[in-house]
Engineer: 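If you scroll down you'll find the structure; I have some questions about it.
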2 protein chains.
Amino acid sequence: MQKKVREEAKRKFIEFLEKKDFRITNQRRIIIDTVFSTDKHFTAEQLLDWAREKDKSVSRATVYRTLPLLTESKLVHEMDFGKPYKFYDPNYSDSPNHNHLICEDCEKIVEFDSDKIEKIENEIGHKLGFTVKSQNLQLSASCDVLKSKGACDKKTCD
Amino acid sequence: MQKKVREEAKRKFIEFLEKKDFRITNQRRIIIDTVFSTDKHFTAEQLLDWAREKDKSVSRATVYRTLPLLTESKLVHEMDFGKPYKFYDPNYSDSPNHNHLICEDCEKIVEFDSDKIEKIENEIGHKLGFTVKSQNLQLSASCDVLKSKGACDKKTCD
DNA sequence: GCCTTTGTTGAGACATGGTGTCATTAAGAA
DNA sequence: TTCTTAATGACACCATGTCTCAACAAAGGC
């Protein structure tokens, strides 16, 4: 990830903390630095390991306490793929993507938005007597067409 | 749930076990009886409690070992709502619903279908260069409107 | 810089959902 | 009925995640 993007994310996080009257601690700085030194999705435990590589003083509790701040500030996306742990994704766009397509073949994860789907979801929720608060759409897909063209394999997809 | 349905499910499960050369044990009989004595979704721990009400000899291990058999035999559907535990739904085999709405307030789960959403999903998948194989849509919702009308509370929702 | 206030932290106990081990039990076959 | 061995119960164990609390340190005032 580019340094510029990293610095920008850091600035946004500090801004978020200031707005909430939360303190800008070394640990929080280390964690956001760690998050934005990768493009990949990660788990809480991975983030803990990476952060502790940078600074042994970062504790598990702090990582688990900081992750909700990162998701609340929209700098990180929380994703659930039915595993007993969650995945997180550094998110530099402002779009509130909660829809993911996971390729069965190359494991690539694509985020996407759809106003149409969102609208239908709200309609259905309302019809059933509920107010939709959040949604999670997961598509399992195959890139075999791309693969046959030599355009998609483990290397190019990740 | 009607007795007929329950008996039918039991028969199917026994058939499944026989095909796999698995033994038809008392515990497995108790567990499938328990599962199909309700229409409700349940968690593994709930199933354990219910089964133990019928027969104290059923152990946690056996419940956790039997659930994969039930999902494999398509008699029960496993659902993940991002909580640290899974939900299971009896009598799944007859309905192809993969969309669920779960109420944050009363934990009610509603299954629904939407051809419209499915169509859009396929379009999006194609646009991104993939073939959509399966999909999983979960809506987190609130029944507070119903609640304020006195139409929905823990009792009526479950 | 030095205090003071108080949010934040690290360590580790704890909670919870689930798995593994192993001696014992019982299903199904002969 | 006896034999073989899959299945079981009890419980230790694991993993992810949360909670508590004494100690620390950020931010602001002096």
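In what follows, chains are A, B, ... by sequence order, proteins preceding strands, each numbered from 1.
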Engineer: Between A/Thr25 and C/dT9, does any side-chain N or O lie under 4.0 Å from OP1 or OP2?
Structural biologist: yes
Engineer: Rounded to whole Å, how long is the line connecting atom CG of A/Leu47 with atom C1' of D/dT16?
Structural biologist: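 Checked: the CG to C1' distance equals 14 Å.
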Engineer: If you find the nucleotide of DNA chain D closest to A/Lys86 and the one closest to B/Thr62, which residue's nucleotide is nearer the 5' end?
Structural biologist: B/Thr62
Engineer: Give the rounded distance in Å between these two atoms: CZ of A/Arg23 and P of D/dC24.
Structural biologist: 15 Å
Engineer: Relative to the 5' end of DNA chain C, which residue comes earlier, B/Arg29 or A/Arg52, by the nucleotide with the nearest heavy atom?
Structural biologist: A/Arg52
Engineer: Do the rings of B/Phe16 and B/Phe13 sit parallel, tilted or perpendicular, given the 30° and 60° boundaries?
Structural biologist: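 Answer is parallel, since the angle falls under 30°.
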Engineer: Rounding to an integer number of Å, can you tell me how far A/Asp49 CG sits from D/dG17 P?
Structural biologist: 13 Å
Engineer: Without hydrogens or angle criteria, can the side chains of A/Glu45 and A/Tyr64 be said to hold a donor-acceptor pair below 3.5 Å?
Structural biologist: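 Distance-only check passes for A/Glu45 and A/Tyr64.
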Engineer: Quick one: is A/Arg28 getting a side-chain N or O under 4.0 Å of the C/dT9 phosphate, OP1 or OP2?
Structural biologist: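 A/Arg28 to C/dT9 OP1/OP2: side-chain N or O found under 4.0 Å.
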Engineer: Please give me the minimum heavy-atom distance between B/Leu17 and B/Arg23, naming the atom from each residue.
Structural biologist: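 Heavy-atom minimum between the residues: CD1-O, 4.0 Å.
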Engineer: Go nucleotide by nucleotide along DNA chain D from the 5' end; which of B/Asp21 and B/Pro84 gets its closest nucleotide reached first?
Structural biologist: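 Result: B/Asp21.
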Engineer: Can you check whether A/Gln27 has a side-chain N or O nearer than 4.0 Å to OP1 or OP2 of C/dG10?
Structural biologist: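 So the side-chain polar atoms of A/Gln27 do come within 4.0 Å of the phosphate oxygens OP1 or OP2 of C/dG10, strictly under.
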Engineer: Given C/dG18, is OP1 or OP2 found less than 4.0 Å from the side-chain N or O atoms of B/Tyr64?
Structural biologist: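 Affirmative; the distance criterion is met.
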Engineer: Is it true that a side-chain atom of B/Thr62 and a backbone atom of B/Val58 form a donor plus acceptor pair closer than 3.5 Å?
Structural biologist: no
Engineer: What is the distance, rounded to the nearest whole Å, between atom CD of A/Gln46 and atom P of D/dG17?
Structural biologist: 12 Å
